[in-house]
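Read the structure below first, then the notes.
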Amino acid sequence: MAFDYGKMEAKWQARWLDAGLNRAERDEGKPKFMSIFAYPGVTGYLHVGHLRGYTYVDAIGRYKRMTGYNVLFPVGTHATGNGGISLAKKIASGDEKTIDYLVRNGCPEERLSELRDPMSVVEFFNGVYQNEYWKRFGFLADWRRFTCTLYEDYGKFIQWQFRKLREAGLLIQKPYYASVCPGCGPVAVDPSETDLSKGGRAETQEYTLLKFRHGDEFLIAATLRPETVYGQVCFWINPEVEYRRVTKDGETWIVSPQAAEKLQLQKDGVEIVGSIPGRDMIGWMCEAPMIHREIPVFPASFCDPDVGTGLVTSVPSDAPDDWISLEAVKADPRMESEYGLTRELIDSVVPISIIEMKGYGDFPAKDIIDRMGITQPGDPKLVDAKKQVYKDGHHTGRMKPVCGEFAGMRVEEAKDRMKQAMIDAGEAEVFFDLTEEVVCRCGQRVHIKRIDDQWFINYADKDLTERTSAHCRTMDINPAEYADNVHGVLDWFRERACVRMGNWLGTEFPFDDRWIIEAISDSTLYPIYYIISPYANDGRIAPSQMTESFFDYVILGRGSAQAVSDETGIASDMVEDIRRDVLYWYPLDMNLGGKEHMTVHFPVFLFNHIAILPEEMWPRGITVNWYVTGKNSDKISKSKGGAQPIPGAAAKFGVDAMRLYYAHVASMFVDVEWSEDTVTTYRQRVDRIMGAVEDLVSAGTDAPSAPIDDWLMSRFNNHLVSIRTAMERNDLRAMATVVYFDMLNDMRWYTRRGGDNRTAIREALAIWIQAMMPITPHTAEELWEMAGFDGLVSAGQLPKPDMSRISASAEYAENLIRDVMSDITEIRKIAGIEPSRLILYTTAQWKRDVMSYAVEMLREGRLTVPDLTKRCMSDENIKRNGKAASELAKKVAVEFSRSTPEAKVPVFETDEATLFGSAAGFLSDETGLPVEVYSADAEGIHDPQNKARQAAPGRPAIYLE
RNA sequence: GCCGGGGUUGCCGAGUCGGAAAAGGCGCAGGAUUUAGGAUCCUGUCUUUAGUAGUUCAAGGGUUCAAAUCCCUUCCCCGGCACCA
């Protein structure tokens with residue numbers, strides 16, 4: 001049975017709460033650090049991937065706490081949208097999949113009945129997120145500040161924010177084409193399918209509607225390639241479809257039934273007035289736009305009534321579908337027998353070459369069909385063929401002379417020009433459609449709808465963009481690539497629709513209560529609200545008291561506390577307190593979010609701060625974290641359940657193992673594939689460290705201090721330096737490598753080398769355990785208590801490195817011993833002998849002298865081969881060694897000139913005879929051989945193979961006999 | 001398509017403002033310890049060798065005394081791209 005981590009975790013979490021470590025209070029005498037993670041949307045249970053980013057914020061906050069900062073770490077949730085509504089609906093209707101999903105993730109069955117209204121669902125998950133995820137993971141978040149976008153007080157804040165946006169002239173109105181569900185209103189079409197049950201990969205495409213005159217009515221084709229109209233030779237109709245006649249601006253249009261409905265959403269005054277079977281139109285002649293030629297209507301099975309208008313103009317030269325279908329028509333005898341088309345008419349239709357493009361002949365569609373081996377209409381490969389030709393044509397194509405005034409133009413340019421020309425001539429209109437079937441969570445089909453008076457936040461504003469971009473240069477943005485990239489993102493940002501109608505949860509738009517503020521727009525400035533939320537949460541202030549002048553004063557300092565008090569009835573002192581809280585905690589020091597936010601949340605977060613707040617409140621840092629993915633790099637989808645319920649994983653592996661996993665498994669800026677085996681190795685790592693500390697607590701004697709103790713203290717103080725350096729960049733991974741790997745290895749080496757000094761051990765343990773606090777806080781507390789140290793680690797301060805105890809020579813000496821040991825092993829292996837004794841010869845003094853001269857000259861910046869040789873030859877003791885001396889001088893001069901004096905001094909200053917003399921016992925134990933150590937300078941030593949001669953500083957000669 | 005990031009030893013990954021690559025981990029192999037546990041410890045893990053020498057950082061060129069690192073070309077992979085916080 002596995003160790004009950006849960007009990008140990010709960011114990012320490014309770015103590016932290018008792019000690020109030022998570023509560024953040026203004027303390028003007030202390031530097032502050034405020035950080036958040038972008039709050040999650042309440043769409044269901046989260047999975048182990050989400051905890052990755054959240055854990056970083058807690059670990060960084062804990063580190064900041066132990067290095068002198070007053071830390072504010074608030075959390076909240078984002079519930080704006082239809083997630084809660086649709087979940088509540090499904091639960092109420094007893095949807096089996098939903099119920100199963102909830103129960104599987106740990107929702108008690110007896111609670112299901114309360115989850116029938118949206119707000120209960122939201123509150124239920126607010127509880128789950130806080131208790132089962134964040135508290136469970138030991139976060140020191142200030143729970144008193146928890147807020148949710150659906151809380152009334154939060155809504156007051158959002159309304160205030162929109163008033164300020166309007167003041168700044170950033171709210172504008174204009175028509176908009178939105179993806180809309182007839183029941184729920186606008187929905188987000190994106191791969192996460194938060195709002196959808198199908199079609200998240202769909203994109204909105206802009207079609208050009210082309211009008212083909214037939215008598216006094218028009219056949220309407222939708223095309224993505226208006227530049228190909230010069231190549232039109234016929235017109236496709238699906239004979240099986242019952243098309244509709246609709247009126248539009250006094251004209252009669254013929255389109256598919258689905259298109260008729262879509263048109264009603266996008267155009268004014270469209271009415272269905274009749275219908276006509278597709279079959280009846282076969283053989284019609286209609287006048288093509290732009291080229292004004294009569295072209296015949298032919299049947300084609302690929303015309304999908306659900307795509308575009310269900311009618312297609314045929315450009316066989318450049319459209320693979322058209323080419324293959326035209327060939328089929330020509331080869332099909334039924335055209336004459338069944339549709340009564342004349343052979344003459346069919347034969348008169350021949351492709352026209354209109355675009356010249358690299359790598360293709362006169363008819364690109366034919367080329368790609370041949371290349372891909374397509375022989376039949378309806379071949380699925382046609383989809384790719386179409387994409388390929390389209391792409392190549394768009395970028396490399398040029399219009400041929402046949403294209404009238406557009407001849408010679410690049411396709412990219414001709415496309416827009418020709419579209420516009422036809423629109424101006426009344427021969428075409430713009431139409432939007434989705435690339436695939438999109439179904440709302442409520443089950444209804446989603447279409448594109450025109451909304452005339454849509455409100456936007458004008459993120460395209462030039463001045464705002466420039467100021468925001470400039471501010472980003474002063475921020476701490478990680479990773480560096482995003483710091484570079486964010487300027488491009490800000491430039492690229494256009495106006496953003498900020499309100500929506502329909503069945504949505506959210507804050508009412510303050511200027512028109514038919515609208516509700518949409519999800520991204522109500523989550524931009526909110527970090528500052530965490531400073532105010534505790535006053536609302538404990539009832540000191542009622543939402544009704546949160547007036548415009550209240551926020552104006554506490555956030556912007558406009559007006560006076562007394563005036564606010566008079567207006568709202570809030571005590572003037574409290575208003576003043578809130579104002580001072582805001583001034584103390586803001587700006588936000590770090591906002592951490594998943595990589596999708598590089599183009600979603602972070603830009604608007606920045607824009608709104610810059611637009612509304614004074615410069616001294618603009619954010620200081622952004623950190624982007626990448627995902628934990630499932631197999632095959634799929635994002636573990638939260639809307640689809642997720643692989644591993646979080647409480648289950650916490651119980652199985654222990655919270656600290658998971659925290660260490662997140663911190664260390666990879667850089668923050670790469671995706672990680674979730675693997676239980678990997679987490680298990682981190683579990684074992686934590687266990688191993690616990691075991692090692694346990695052993696060390698009872699180890700140690702009052703033995704006098706030995707060189708190995710100095711080494712240990714040097715190492716650990718160096719580690720403290722590394723930890724601080726790493727954490728200045730919030731590099732938890734580098735920090736974790738030091739704490740959970742290097743420090744353990746050092747403790748092992750210390751013990752192995754016979755280290756046994758209780759004072760040194762306890763000093764090292766204190767450093768080590770404290771260094772564990774940010775990432776594995778529960779384990780740190782447990783070990784701290786076990787070691788008998790006072791207080792809570794989480795409340796303590798990380799020791800500063802004691803530079804006086806860092807000793808390059810001590811560390812060099814141990815490395816030398818390790819090198820020699822590994823050389824001995826190496827020689828033993830290669831030589832293949834079973835030695836009975838081991839002899840070490842340490843360097844002759846003159847070689848150390850050569851190096852000493854070299855370093856001296858290196859410091860003076862005049863180290864060259866000839867100069868060092870000259871200098872050495874003037875020393876009798878060196879010169880006496882003849883050729884060996886000049887060769888060494890040459891080697892040393894070259895080698896040292898590439899290095900630094902600091903690195904080289906220990907090489908010759910180390911007293912190797914003493915070092916290895918005292919390590920002889922250790923080496924003997926390790927190798928199982930009797931060990932003798934001689935200086936190469938000594939007379940009459942045992943040296944049958946004349947090895948002593950080879951000994952050099954940093955490289956004692958080894959003889960195995 | 002636009003913008004961006006990458007290809008290092010079985011795997012994950014350090015190293016990338018040019019100055020001794022093969023840190024560390026995982027996996028694997030051998031040994032030790034231990035009465036079965038995914039435990040722990042030691043050793044090894046590019047080739048070669050009395051501790052040496054050599055080859056390598058996607059491929060090919062170039063700059064340099066010196067290149068995984070800088071430049072050019074080619075191939076391949078990945079991410080983001082707007083009502084998803």
Query - Criterion side chain to side chain contact (heavy atoms under 4.5 Å, CB included) against A:Met735, the qualifying member of A:Val738, A:Asp731, A:Val739 - result: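 The residue from A:Val738, A:Asp731, A:Val739 that satisfies side chain to side chain contact (heavy atoms under 4.5 Å, CB included) with A:Met735 turns out to be A:Val739.
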Paired nucleotide for [N] [Watson-Crick or G-U wobble; both distances under 3.5 Å]:
{"N": "B:rG79", "value": "B:rC3"}
{"N": "B:rG51", "value": "none"}
{"N": "B:rC28", "value": "B:rG44"}
{"N": "B:rU35", "value": "none"}
{"N": "B:rU63", "value": "none"}

Could you measure between the two [atom1] atoms, the one in [N] and the one in [M], and give it in whole Å?
{"N": "B:rC70", "M": "B:rG18", "atom1": "C1'", "result": "8 Å"}
{"N": "B:rG13", "M": "B:rU8", "atom1": "P", "result": "9 Å"}
{"N": "B:rU56", "M": "B:rA68", "atom1": "P", "result": "10 Å"}
{"N": "B:rU69", "M": "B:rG15", "atom1": "C1'", "result": "9 Å"}
{"N": "B:rC2", "M": "B:rC46", "atom1": "P", "result": "43 Å"}
{"N": "B:rA67", "M": "B:rU55", "atom1": "P", "result": "12 Å"}
{"N": "B:rG60", "M": "B:rG51", "atom1": "P", "result": "32 Å"}
{"N": "B:rU48", "M": "B:rU43", "atom1": "P", "result": "23 Å"}

Query raised in the report: When A:Glu961 is tested against each of A:Arg837, A:Lys947, A:Arg828 for salt bridge (charged side-chain N to carboxylate O under 4.0 Å, His left out), which residue passes?
Result: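 In the set A:Arg837, A:Lys947, A:Arg828, the residue that makes a salt bridge (charged side-chain N to carboxylate O under 4.0 Å, His left out) with A:Glu961 is A:Arg837.
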What integer distance in Å separates [X]:[atom1] from [N]:[atom2]?
{"X": "A:Met743", "N": "B:rG24", "atom1": "CE", "atom2": "P", "answer": "17 Å"}
{"X": "A:Ile622", "N": "B:rA85", "atom1": "CD1", "atom2": "C1'", "answer": "13 Å"}
{"X": "A:Tyr740", "N": "B:rC26", "atom1": "OH", "atom2": "P", "answer": "16 Å"}
{"X": "A:Leu588", "N": "B:rA85", "atom1": "CG", "atom2": "P", "answer": "19 Å"}
{"X": "A:Asp746", "N": "B:rG24", "atom1": "CG", "atom2": "P", "answer": "12 Å"}
{"X": "A:Met598", "N": "B:rG5", "atom1": "CE", "atom2": "C1'", "answer": "10 Å"}
{"X": "A:Ile477", "N": "B:rG4", "atom1": "CD1", "atom2": "P", "answer": "16 Å"}
{"X": "A:His47", "N": "B:rA85", "atom1": "NE2", "atom2": "P", "answer": "14 Å"}

Report task. Could you check A:Val499 against A:Asp742 and say which one's nearest nucleotide on RNA chain B is further toward the 5' end? Result ->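 The answer here is A:Asp742.
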Report task. Please tell me which of A:Asp484 and A:Thr599 maps to the more 5' nucleotide of RNA chain B, matching each residue to the nucleotide holding its nearest heavy atom. Result ->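 That would be A:Asp484.
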Query raised in the report: Just how far is it from atom CD1 of A:Ile517 to atom CZ of A:Arg500, taken to the nearest 0.5 Å?
Result: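 It is 12.0 Å, given to the nearest 0.5 Å.
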Are [X] and [Y] near enough that their ring centres are under 6.0 Å apart?
{"X": "A:Tyr682", "Y": "A:Phe653", "answer": "no"}
{"X": "A:Trp134", "Y": "A:Phe37", "answer": "yes"}
{"X": "A:Phe605", "Y": "A:His597", "answer": "no"}
{"X": "A:Phe922", "Y": "A:Trp749", "answer": "yes"}

[X] side chain, from C-beta outward: closest of [options]:
{"X": "A:Arg496", "options": "B:rA85, B:rG80, B:rA82", "answer": "B:rA82"}
{"X": "A:His597", "options": "B:rG25, B:rA82, B:rA85", "answer": "B:rA85"}
{"X": "A:Ala957", "options": "B:rG44, B:rA85, B:rG51", "answer": "B:rG51"}
{"X": "A:Ile830", "options": "B:rU49, B:rG25, B:rC26", "answer": "B:rU49"}
{"X": "A:Trp492", "options": "B:rA82, B:rA50, B:rG25", "answer": "B:rA82"}
{"X": "A:Asn485", "options": "B:rU43, B:rC3, B:rA85", "answer": "B:rC3"}
{"X": "A:Lys595", "options": "B:rG80, B:rA50, B:rA85", "answer": "B:rG80"}
{"X": "A:Lys829", "options": "B:rA50, B:rG25, B:rU45", "answer": "B:rU45"}
{"X": "A:His50", "options": "B:rG24, B:rA85, B:rG51", "answer": "B:rA85"}
{"X": "A:Ile520", "options": "B:rG4, B:rG25, B:rA85", "answer": "B:rA85"}

Could you run down the sub-3.5 Å N/O contacts of the protein with nucleotides 32-39 of chain B?
unit_1 : atom_1 : unit_2   : atom_2 : d
B:rG38 : O2'    : A:Gln684 : NE2    : 3.4

Hey, what are the protein-to-nucleotides 11-17 of chain B N/O distances that come in under 3.5 Å?
unit_1 : atom_1 : unit_2   : atom_2 : d
B:rG13 : O3'    : A:Arg733 : NH1    : 3.0

Query raised in the report: Does A:His78 have a side-chain nitrogen or oxygen under 4.0 Å from the phosphate oxygens OP1 or OP2 of B:rA85?
Result: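 A:His78 to B:rA85 OP1/OP2: side-chain N or O found under 4.0 Å.
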Query - Parallel, tilted or perpendicular, as decided by the 30° and 60° cut-offs, for the rings of A:Phe432 and A:Tyr177 - result: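 The rings of A:Tyr177 and A:Phe432 sit tilted, inter-plane angle from 30° to 60°.
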